[in-house]
Amino acid sequence: MAPSQQAKSFKSVRGLLAVGLCLLAGLSGANAQAPAKQPPAAPQATPQTAPQAAPQAVPGFWDPRRRPERPDLSRLTVIRFLTETDYPPFNYTGADGNPAGFNVDLARALCDEIKVTCTVQMRRFETLVDALTSNRGDAIIASMAVSPQLRARVDFTDPYYRVPARFVSRKDAVMPEIRPEYLEGKKVGVIAGSAHEAYLKAMFTDAELHPYPNDDAMRAALRKGEVDFIFGDAISLAFWINGTDSGDCCAFSGGPFVESRFFGEGIGIAVRKGNDVLRQALNWALFRVWEKGRYTDLWLRYFSVSPF
């Protein structure tokens with residue numbers, strides 16, 4: 001999965017679709033990194049033969065101590081979900097011609113929990129908000145990043161996933177933990193003009209940054225040994241690491257970075273302004289789907305290498 005830079009800036013997977021470091025409450029299985037002022041000595045690179053992030057690392061974005069109350073669902077009889085056409089594995093057309101993907105399966109799980117009829121219509125991403133505001137659908141579940149600009153047009157549920165940033169190194173140079181001092185003088189590839197580059201400039205001031213115009217150029221530089229690390233969208237990088245294009249060269253180093261000022265508030269389901277009945281119902285259903293383990297099942301089905 002390698003979405004265009006334009007799509008990322010609008011969407012969050014795309015949070016670029018998308019101030020201190022802050023993890024969303026309830027994040028589990030995620031070894032989040034926070035730059036420290038006086039860390040211990042840098043650890044030595046540890047060779048490994050498999051990607052460091054285990055498939056069992058499933059993020060949890062809900063705090064069990066903040067259990068939402070069951071809302072009045074009597075006014076809900078159908079939810080018309082809108083999603084986009086081509087953003088695998090989140091949204092794509094299945095072999096049977098029907099909508100498929102993580103977002104689609106999650107939408108259906110939510111409808112099962114609420115016990116209402118659920119439809120899913122696929123549209124081009126740039127048309128989704130207009131379709132929602134003109135009442136051609138009730139909710140958008142399409143890896144849409146929560147942003148101040150979009151909040152002016154639609155309301156959002158609580159985030160149901162985030163797009164962390166992570167470092168990737170060659171497998172013979174994996175580091176279990178990454179802090180700013182550990183990368184002093186190290187060459188780090190990053191996409192020019194991205195939020196990831198801005199974060200490195202702010203937090204990793206002693207690293208030697210090497211900006212690249214696109215993902216392909218950045219990843220090729222790591223494969224060739226022209227840089228020591230690359231830093232970017234962990235979801236895209238997870239699929240690259242596990243795909244054929246990487247040549248089994250590389251693995252995650254350290255844990256995820258999720259600072260909202262650089263990497264966005266998270267991915268939510270959009271509803272029309274003021275539709276609190278549906279928004280609250282979806283928030284309740286999201287918690288229930290996570291609490292019952294169905295969210296974990298979906299995550300493991302679609303992410304063989306966890307971005308967290």
Side-chain angles (χ1 to χ4, degrees), residues 11-14 24-28 58-64 66-85 87-94 98-123 125 128-129 131-133 135-146 150-151 154-163 235 265-303:
K11 299 180 187 176
S12 128
V13 74
R14 312 176 194 199
L24 199 62
L27 182 62
S28 63
V58 179
F61 301 100
W62 296 270
D63 186 347
R66 299 178 58 189
R67 178 185 301 272
E69 293 185 7
R70 188 180 190 277
D72 180 8
L73 305 177
S74 61
R75 287 182 284 173
L76 291 177
T77 57
V78 62
I79 301 176
R80 299 171 298 161
F81 278 103
L82 302 170
T83 194
E84 73 163 308
T85 55
Y87 188 53
F90 294 97
N91 309 90
Y92 58 93
T93 302
N98 293 318
F102 177 84
N103 285 327
V104 175
D105 285 347
L106 180 59
R108 290 171 177 154
L110 297 177
C111 289
D112 287 345
E113 197 62 45
I114 298 172
K115 296 182 171 29
V116 293
T117 301
C118 177
T119 64
V120 180
Q121 178 189 156
M122 303 183 81
R123 304 176 64 93
F125 185 83
L128 290 173
V129 173
L132 178 68
T133 57
N135 199 29
R136 284 174 281 175
D138 302 309
I140 299 171
I141 185 165
S143 296
M144 183 170 284
V146 180
L150 283 175
R151 281 192 186 278
V154 299
D155 288 339
F156 282 97
T157 65
D158 297 335
Y160 65 94
Y161 79 88
R162 300 188 74 169
V163 183
I235 291 180
E265 300 177 50
I267 307 300
I269 301 173
V271 301
R272 279 188 298 281
K273 273 289 189 183
N275 192 350
D276 289 341
V277 171
L278 180 55
R279 183 181 58 81
Q280 291 170 5
L282 291 172
N283 276 337
W284 174 80
L286 282 167
F287 183 89
R288 293 280 292 167
V289 166
W290 168 74
E291 185 179 43
K292 292 180 175 181
R294 297 182 69 184
Y295 181 90
T296 296
D297 292 342
L298 282 177
W299 189 270
L300 293 176
R301 183 190 310 170
Y302 283 99
F303 299 99

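Just so you know, these numbers use all the heavy atoms, side chains as well, and skip hydrogens, waters and symmetry mates.
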Straight-line distance of F81 CZ to L132 CG, nearest 0.5 Å | 11.0 Å
R136 and Q121, any side-chain heavy atoms less than 4.5 Å apart = no
Checking T157, L76, I269 against L278 for side-chain contact (heavy atoms from CB on, under 4.5 Å), the one that qualifies is L76
Of all the heavy-atom pairs spanning A142 and L128, show the shortest one and how long it is.
-> CB-CD1, 3.6 Å
Would you mind reporting whether P68 and N283 have side-chain heavy atoms less than 4.5 Å apart?
-> no
Taking all non-hydrogen atoms of both residues, which atom of L82 and which atom of A131 are closest, and how far apart?
-> CD1-CB, 3.8 Å
dist W284:CH2 -> R67:CZ (nearest 0.5 Å) comes out at 11.0 Å
For T85, does its backbone N or O pair with a side-chain atom of N91 as donor and acceptor, under 3.5 Å?
-> no
CG/D158 to CD/E265 distance, rounded to the nearest 0.5 angstrom?
-> 11.5 Å
Describe, in one word, how the ring planes of F102 and Y160 are oriented to each other, choosing from parallel (under 30°), tilted (30 to 60°) and perpendicular (over 60°).
-> parallel
Where W62 and P159 come nearest, the two heavy atoms and their spacing = CZ2-O, 4.0 Å
Of all heavy-atom pairs linking A270 and F156, the shortest is CB-CE2, 3.8 Å
Atom OG1 in T119, atom CD1 in I79: separation rounded to 0.5 Å?
-> 9.0 Å
Heavy-atom nearest pair, V146 first then G268, reads CG2-N, 3.8 Å
What's the verdict on side-chain contact (heavy atoms from CB on, under 4.5 Å) for R80 and N135, showing C-alpha distance, side-chain angles and the deciding distance?
-> CA-CA 10 Å; R80 299 171 298 161; N135 199 29; 3.0 Å; yes
Classify the side-chain pair Y161/N103 by whether it contains a donor and acceptor separated by less than 3.5 Å.
-> no
What residues, two or more places apart in sequence or in another chain, satisfy salt bridge (Lys or Arg N to Asp or Glu O under 4.0 Å) together with R70?
-> none
Of all the heavy-atom pairs spanning V277 and R75, show the shortest one and how long it is.
-> CG2-NH2, 3.1 Å
Any chance you could lay out the ring-ring contact (aromatic ring centres under 6.0 Å, His included) test for F287 and W290, step after step, and finish with the verdict?
-> CA-CA 5 Å; F287 183 89; W290 168 74; 5.6 Å; yes
Can you check whether F90 and F303 have ring centres sitting under 6.0 Å from each other?
-> yes
Between atom CD of Q280 and atom CG of N275, what is the distance when rounded to the nearest 0.5 Å?
-> 9.5 Å
Measuring from E84:CD to M122:CE, what's the distance to the nearest 0.5 Å?
-> 7.5 Å
Could you tabulate the donor-acceptor pairs under 3.5 Å formed by side-chain atoms of residues 106-114, not counting sequence neighbours?
unit_1, atom_1, unit_2, atom_2, d
E113, OE1, K292, NZ, 3.1
E113, OE2, R288, NE, 3.3
E113, OE2, K292, NZ, 2.9

Ion pair D276/R279, N-O distance below 4.0 Å = yes
